[in-house]
Amino acid sequence: MTRLLQFFASRPWLGLGLLALASVLAATQLHRLEVRVSADEMLVTGDPERAYHDRVKALFGDQSIVLLVLEDDRLLAADKLERLRKTIDEIEALPFVKETQSLFNVPYVRSNEGYLEKSPYLAELPDSPAAEQRILAAARSNPLVADLLVSRKKAAMAVAILLADDPQSVGDEQLTSALDNVIQPLHGVFERVYPIGFARVRTELAARIVQEQGALIPLAVGALMLALFVLLRQILDILTPLITAAVSILWTFGLMGWLGIPINVVTSTIPILLLVVGSTEDIHLLAQFRHSQRQGDPVQLATTHMAQKMGRTVLLTFLTTWAGFLSVGLTGIEALKQFGLVASTGLLFNFVATIVFIPAALTLAGHWRLESRSTAFDQRARRWARRYWRLLCRHRRKALIGLGISAALAVTGLPRIDLHHNPIESLGPESPTARDIEHLNAGFAGLESFSIVLDAGIQDTFLQSRYLDELIETERFVQTIDPGLSATSFADYLTLLNRAFLEDDTAGAPRSNEEIAELMIFLDQDRVSAYVSDDYSQARIVVRHSIADTDKLQSLLAKIRDHLDTSLDRGLSARLTGDSVLSLSATRSMVFGQLKSVLLILGLFVVIIAFLFTDVRVGLLAALPNAFPIVILFGVMGYAGIPLNIGTAMAAAVAIGIAVDDTLHFMLRYNQKLRGSRDQQHAMQETLYEEALPVVSTSVALICGFLVFTQSGFQPVAQFGLLGALVIGTALLADFVITPMVIASLRLVTLWELLSPEARQRVIPQSALFRDMRPWQIRRFVASSALLEFAPDEAVYLKNDQSDALYLVMSGEIEVRLPQADPSAPAAVVDRFGPGQVFGDVALLAGEPRRTNAIATEPTTLLLLTREAVNNVTFLHPFIASRLFLNLARDVSCRWATFIMRVRRADSDLVERESDE
Amino acid sequence: MNSRRRIQGNGSDRRRVRFRVVISLLIASHSIGLAAAPTVSPREPFFIAPVTGQKVTHYDVSLPTTGDGRREFQVPRDCATLSGLLKRREADRSRIVDRRLWLKVENDCRYYALLHRHEIKGVKDYVTGYDFRNLALEILPYETGCPTSDPAQCAAWLTDATGQRHRFPLIATQESKSESSATGAACRLEDGLFRGRVLSGGGGLRCVPDDHASLRLVGVDYGDINGDGFLDAVLRLIPISPEGGRRLLRVPVTRLSPDGPFEAPKPVDAVR
């Protein structure tokens, strides 16, 4: 990363040229980008419930419907109906309309002198108010019509417009617009006229997305610019995040156009997120650059320092944020998957744009700066950092107790969290479509539905009264739970026929198999195909409702399932399906996806920290400041009544993916400072001083950016913005309270980092102990060691000491001497060990006490590897251990050979001396 | 009485009969209900069409066969074909609905054949003049109305030309105190509809009025079903109380003199 930053700093025009070229390529794909909202994208892909739902839809031939609702005190006045009939004819002529169902063509099944009459309710237009009331009363007593085509609660009726098999090929907007045009003349005829259906919901969503993009993006740019101006006061520093964000947004839109991924409610948040989140790396890089400039570095040197000091950090923080965005896609919901993929790729683009553009721009224009921040400000900031750290240390316990109480309170709010996963709700209460739906729900059974499918597996089962009774009983049970629900089934159709034959509007379903068979002669299969399979082995009850509350819906479905489990005939199996069931499945997926995302990010963070500081405990403790905002987030959701929905489900993962960056910045900066100064207090004060500005700047910019979303008319998006800002704000608090306290208590400087550059670059690589080892293996080995320092003549070990370690000389010299009976006699030196050499290994491996003394002859530093550490390395890293033992064996063999040669030479000298004598 | 039509025994009156039929048709088209039905055409009975349930003189039906799969038929035109398929057991009755449809076309074809079993040319007609839409139930030859105490004779009297015993479906055998108001006068159809319950027991036929309809006359067809030279009326009744079932009842009645009592047409064997 450092090299990349330096590369583009040295070749600014190349970097800018590459950015321009990629931008032109992306721009060529923009025309393919479309704003499209689909019902399926809110569902779980690969969900078994969805596969079953598709099978049920194929079996019962479900179709998309738009309802044309008409309200009027004189609903069936002949002149109004005349106009309506013309409009219906025009609607039926539209290419995307398959058919319509209304009182004009739904059969009014009744007896006529013992024969059946199935002419529609409005076969003849009523000629008097009394006739109108009779028709309405008759329609309202038809369970297949009441509250579906005619309201029982108010003077309202509906025309169901059944769309062709592939209405999406027309497009929601075109469909809605065509229908609006056709029904326009009805507005002056009926008191209230409105078409309502999911196509209209989607059309309004798409229109609002486009509208909001136009309003929110400038707002986000403004908020970001303001935050950056207040905090940074440098024109280039304000413009740079905006330029990199604009480039990444362009590339992301180009990619979406190329892949055919549409802009929808969820992906519409990506531009603003890229604008805000993408600015954080820029701010950190620029802050480091300006810091170096303030220290007096020229542009080139400041750029090099920026690359060296921030290269690794921005890469790691990018990775955590990228993982946060990507993890949103872990849920099975298509819209969130698309968001995860596109947003993480967009962030990658932003990162690329940042590491290319910033060094290039700083090289070319880094010297343009406003001298707005004086050295006096730096001095003040340094003082504030010192005072803050002292204050924090003084009130450490109070602060921890305060945060602990907050977290505990938040935990109690967790069970209060509601689930709310309803696309219609996302429109908000002010939406005209939402108001129409509210009107519809007040008079009709609602747009939402689910099915209870009963399956016997044997043909003609539902032509037997025993099983027909099961349908009736289940319907009755559903309506006892909530009388506002509309439950219809094949049994209702038979009831209608039965009533007609019995000439009794209060009659129920046929009671015997014979009666059912008799009625079946008069059954129009097309009319019941939505309720019963062709072979009568499967039947379904369609339940229409207007329940928006997920918990309430879940409770309803649970009650029905319980009832079916306990009361249904054992010859039947039952399963619930439909939009509502899929919606609940999506909610479950969202909840688990949310947990998975958050855990994944925290896990990744722990791994990164543990890897950087070679200690898992450090990683776990560092996760603490980031777990705190999550707990607070869920607590606030519980207490504030903010439900878990498609928007808020993303908040925790996205925000925490961003928030961990500050902790990383803190820890890496502290690590840097600690390497330069062993004084933890001073290192922490310097860390607070140097990180305060970029961390506060990025957090404020992020909070401003997230708060922009609160201006969205889509509730989930607005709630996402609010919660995102909350998490960033809480994380900022945690980063300035918990993080300093946690990291100050940790050993954030690894042994490797404490070694002098001489030791790292020369002694260790040349040591026989580490021959043929890779750098990371050496670092891992060193991480399990300890450094010891000895003064001249200080003993490392003495004869008869337990052999529990071997030593690597890092600097200085060690003499291994034979112990003398007379301490005043000159020592017999067995061997001498200098930098890079190993000693003490023979006794360690032999498992015997020391037979010699090891004494430092000058100030000496040793790397100590204990028996326990050797055992651990053998157990955890067998490849490293095998290499270690091979190296030790070679070293011991060489020393042994040298020793023998010395002994021989000594022998021959003795023989020569004796012969001379 | 305008709708009355008499079929005389000699052929010279045929033209006059046709004229009357036309007149009757015209009148019937302006009058309501089934009172006009006998005058329309005694030879062309009405059926209830499958699926639509409408009153038709013929209907199309799709029926499964064991050989050629599902085939389209028209009743009564294809009754011979249908009868052949039934005899050869080529009717696929494996499904309940199909079984019931086959039963319906079989019944309709039989009924059609019953009405056409004998020529009606020259038969004596003492039935078409009766207003069956407002008939008194006592004319129906059901069990409690048996004119003789001899069980054997009664059984013969109750067995009609179609080989069925007349058992009226609506009779309640138990009388309760609240039903003490039952009278014979209440036992009458009004405009083709009977609203009440029929009680059995000593003292003849008695009925308790009720708001709910319990018996609907859906049609009256005419023919000499037993070939005894007297025109018979076949009343097609549907019990419409939940207790009574909904199977179409065909009740043939005849009269052997202009003012004589209605009785079940004797079986063909008895006639011979």
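Within every chain, numbering begins at 1; the chains are lettered A, B, ... in the order of the sequence lines, protein sequences first and strands thereafter. Please read all numbers here as calculations on a predicted model, not as lab measurements.
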Task: ring pair (Phe, Tyr, Trp, His ring centres under 6.0 Å): pairs with one or both residues in residues 51-74 of chain B, sequence neighbours excluded - done: Phe47(B)-Tyr59(B)

- [ ] Evaluate whether atom CD of Gln74(B) has more than 12 neighbouring non-hydrogen atoms of other residues, nucleotides or ligands under 6.0 angstrom away.
- [x] yes

Open item on the list: Could you measure the distance from the CG atom of Asp98(B) to the CG atom of Asp460(A)? Nearest 0.5 Å is fine.
Closed with: 8.0 Å

Open item on the list: Treating Lys118(A) as the side-chain partner and Val51(B) as the backbone partner, does any N or O pair qualify as donor plus acceptor under 3.5 Å?
Closed with: yes

Task: Heavy-atom contact with chain B under 4.5 Å, split by part of Asp535(A) - done: both

Task: Spacing of Phe501(A) atom CZ and Ile48(B) atom CD1 [to the nearest 0.5 Å] - done: 5.5 Å

Open item on the list: For a quick test of reading the model, state the closest non-hydrogen atom pair linking Ile96(B) to Ala517(A) and the distance between them.
Closed with: CG2-CB, 4.0 Å

Open item on the list: Nearest 0.5 angstrom please: Leu193(B) CG to Ser111(A) OG, how far?
Closed with: 8.5 Å

TODO: May I ask you to check whether over 12 heavy atoms, not counting those of Arg89(B), lie within 6.0 Å of atom CZ?
DONE: no

Task: Salt-bridge contact Arg133(B)-Glu113(A) (side-chain N to carboxylate O under 4.0 Å) - done: yes

- [ ] Answer yes or no: does atom CD of Glu190(B) have more than 12 heavy-atom neighbours from other residues, nucleotides or ligands under 6.0 Å?
- [x] no

TODO: Would you mind reporting whether Leu463(A) and Val97(B) have side-chain heavy atoms less than 4.5 Å apart?
DONE: yes

Open item on the list: Between the side chains of Glu518(A) and Arg100(B), is the shortest nitrogen-to-carboxylate-oxygen separation below 4.0 Å, so that they form an ion pair?
Closed with: yes

Task: Toward chain B, the part of Leu523(A) with a non-hydrogen atom under 4.5 Å - done: backbone

Open item on the list: Is it true that, when you exclude Arg88(B) itself, more than 12 heavy atoms of the residues, nucleotides or ligands shown sit nearer than 6.0 Å to its CZ?
Closed with: yes

- [ ] Write down the atom of Tyr536(A), the atom of Arg95(B), and the distance for their closest heavy-atom approach.
- [x] CD1-NH2, 3.4 Å

- [ ] Measure the CZ-OH distance between Arg216(B) and Tyr115(A) for me, rounded to the nearest 0.5 Å.
- [x] 11.0 Å

- [ ] May I ask you to name which of Glu117(A), Gln459(A), Gln464(A), Met520(A) has the most heavy-atom pairs under 4.5 Å with chain B?
- [x] Gln459(A)

